[in-house]
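The structure under discussion appears below in the form of C-alpha cells.
None of the values given here were measured: they were computed from a predicted structure.
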Amino acid sequence: MYKNLIELFKENEGKGAVGAFNLHCFEMLPAMIKAAEEINVPIIIQTSLGTAEYIGFEPLIAAVKALAEKSTVSVALHMDHCKDIEKLKKAIDCGYSSVMYDGSSLPIEENIKNTKEVVAYAHERGVSVEGEVGSIGGEEDGVVGAGEVADPAECKRIADLGIDFLAAGIGNIHGKYPENWAGLNFEVLGKINEATGDMPLVLHGGTGIPDDMIKKAISLGVAKINVNTECQIAFAEATRKYIE
C-alpha cells in the first residue's frame, strides 16, 4: 500500500526504525520493494529533487504508486533535502506522500517561516513533512554541511510548527565516514529527544554508522534512518538479478 510517513510510522511502532533508500533510476524501484517484501518490512523510497526532475515527477510517482498497490508491504515516496518551496509544492501536488524541507543552512527565523509554509501546504493535502535543524555533514544533492550539532532549543521550535518528523545534526555525515570520525553525539540526541517529546527523529547518513550506535540512536527516538552508498550498490546488484 502507498502511505505517508505518519501512517507508516504508526504501523511500525515498537518495531524499530524504518529504512529510507534513495532511488536514482527506474531500474532500482522493483528491486527495492522486493527486498522489503522478502524481509517483510515497510520501506521509504526517497529521491532528490534532481532525480525527480530527471525521471519526471508524473512517471516516477505513477510507477511507485502502481508497485506499492501490488506490494505486500507499505511504501512511502519521500522528497529528500529540498530547499525550494515551489518545487516541494509541485512534488506534493503530483503525488509524493512525504516531503522534506531543508532550511538547515538558513538563520533559524527564516527556517521557521519557510517550514511553517510547507507544513500548512502539505498537511492540507495529506502529505507528511520532515524538517531539519543543524546541517548534516558531507554533501547530498548540492546541500553541503560540516556535520554540525543541532541546538535542542531550535529543534523544539521547528518541532512545534507541526512537522511530522525531524532531522537533527548530531555529528552524522552523508557519504563515507572518515577514520577519525568522532561518532554520534548521543548527549545532544538525548537532549533533542527530551526537548521534542514524541517527535520521530531522522538519522541521515546512516550507512557506515556502527550497528551499536544505530541501536542506541533508535532507543533515543530515531524512527527513520537514511542509507546510501553500499546499500545502493546492493540494490543495484539485486536489480540486475531481478531483470536478467
Side-chain angles (χ1 to χ4, degrees), residues 5 8-9 12-24 28 31-32 35-48 73 76 78 80-81 100 102 104 130-141 143-152 155 159 165-239:
L5 263 60
L8 198 146
F9 285 155
N12 200 62
E13 189 173 357
K15 300 177 183 177
V18 180
F21 302 88
N22 278 28
L23 177 75
H24 300 299
M28 295 179 70
M32 295 168 84
E37 289 176 334
E38 287 181 352
I39 56 176
N40 193 32
V41 295
I43 184 170
I44 302 164
I45 294 170
Q46 56 187 29
T47 74
S48 65
V73 299
H78 177 71
D80 196 31
H81 283 293
M100 175 187 186
D102 184 352
S104 60
E130 176 179 350
E132 181 172 340
V133 179
S135 297
I136 310 303
E139 178 177 357
E140 184 169 84
D141 198 34
V143 179
V144 181
E148 290 90 344
V149 175
D151 180 344
C155 289
F165 39 109
L166 173 70
I170 53 169
N172 39 326
I173 295 172
H174 286 129
K176 187 175 181 180
Y177 283 84
E179 292 184 3
N180 63 348
W181 179 55
L184 299 179
N185 190 322
F186 292 113
E187 181 180 356
V188 170
L189 178 57
K191 290 179 180 178
I192 292 170
N193 187 27
E194 182 179 353
T196 58
D198 295 331
M199 173 69 59
L201 303 177
V202 182
L203 181 64
H204 285 250
T207 304
I209 298 177
D211 288 349
D212 59 335
M213 287 190 181
I214 292 286
K215 291 177 181 177
K216 186 169 182 178
I218 292 171
S219 75
L220 291 171
V222 167
K224 174 176 177 272
I225 300 176
N226 291 14
V227 291
N228 210 333
T229 58
E230 291 94 339
C231 293
Q232 301 301 69
I233 293 170
F235 271 123
E237 291 173 348
T239 301

key: side chain to side chain contact (heavy atoms under 4.5 Å, CB included) involving K215 - partner list, sequence neighbours excluded   = none
Contacts of type side chain to side chain donor-acceptor pair (under 3.5 Å), residue E194, not counting sequence neighbours = none
ask   = When rounded to the nearest 0.5 angstrom, what is the spacing between CD1 in I39 and CD in E37?
value = 11.0 Å
request  = Provide the closest heavy-atom pair for P152 versus A195 in the form atom of the first, atom of the second, distance.
outcome  = O-CB, 3.8 Å
query = Is it the case that more than 12 heavy atoms not belonging to D212 sit under 6.0 Å from its CG atom?
reply = yes
Inter-residue atom distance I225.CD1 - F21.CZ, 0.5 Å rounding = 9.0 Å
ask   = With distance as the sole criterion, is a donor-acceptor pair present between the side chains of N172 and H204 under 3.5 Å?
value = no
ask   = Under 4.5 Å between any side-chain heavy atoms of M100 and Q46, yes or no?
value = no
request  = Report the relative orientation of the aromatic rings in H78 and F165; use parallel for angles under 30°, tilted for 30 to 60°, perpendicular for over 60°.
outcome  = tilted
query = What is the minimum heavy-atom distance between A150 and I192, and which atoms define it?
reply = CB-CD1, 4.2 Å
remark   = On a heavy-atom basis, the closest approach of G183 and M213 is CA-CE, 3.8 Å
request  = Using salt bridge (charged side-chain N to carboxylate O under 4.0 Å, His left out) as the criterion, list what pairs up with E187, not counting sequence neighbours.
outcome  = K191
message = Which residue is it: I214, L220, V222, L203? I am looking for the one with a side-chain contact (heavy atoms from CB on, under 4.5 Å) to L184.
response = L203
ask   = If you round to the nearest 0.5 Å, how far is CG of N40 from NZ of K15?
value = 8.0 Å
task = Could you pull out the closest heavy-atom pair between A223 and F9, with the gap in Å?
result = O-CE2, 3.5 Å
remark   = Rounded to the nearest 0.5 Å, the CD1 atom of I173 sits from the CD1 atom of I209 at a distance of 9.0 Å
task = Please tell me if the side chains of L189 and L201 come closer than 4.5 Å, counting only heavy atoms from C-beta onward.
result = yes
key: Interatomic distance, D80 atom CG to L23 atom CG [nearest 0.5 angstrom]   = 12.0 Å
ask   = Which pair of non-hydrogen atoms, one from V18 and one from P42, has the smallest distance, and what is that distance?
value = CG1-O, 3.8 Å
ask   = Between atom CG of L166 and atom CD of E132, what is the distance when rounded to the nearest 0.5 Å?
value = 8.5 Å
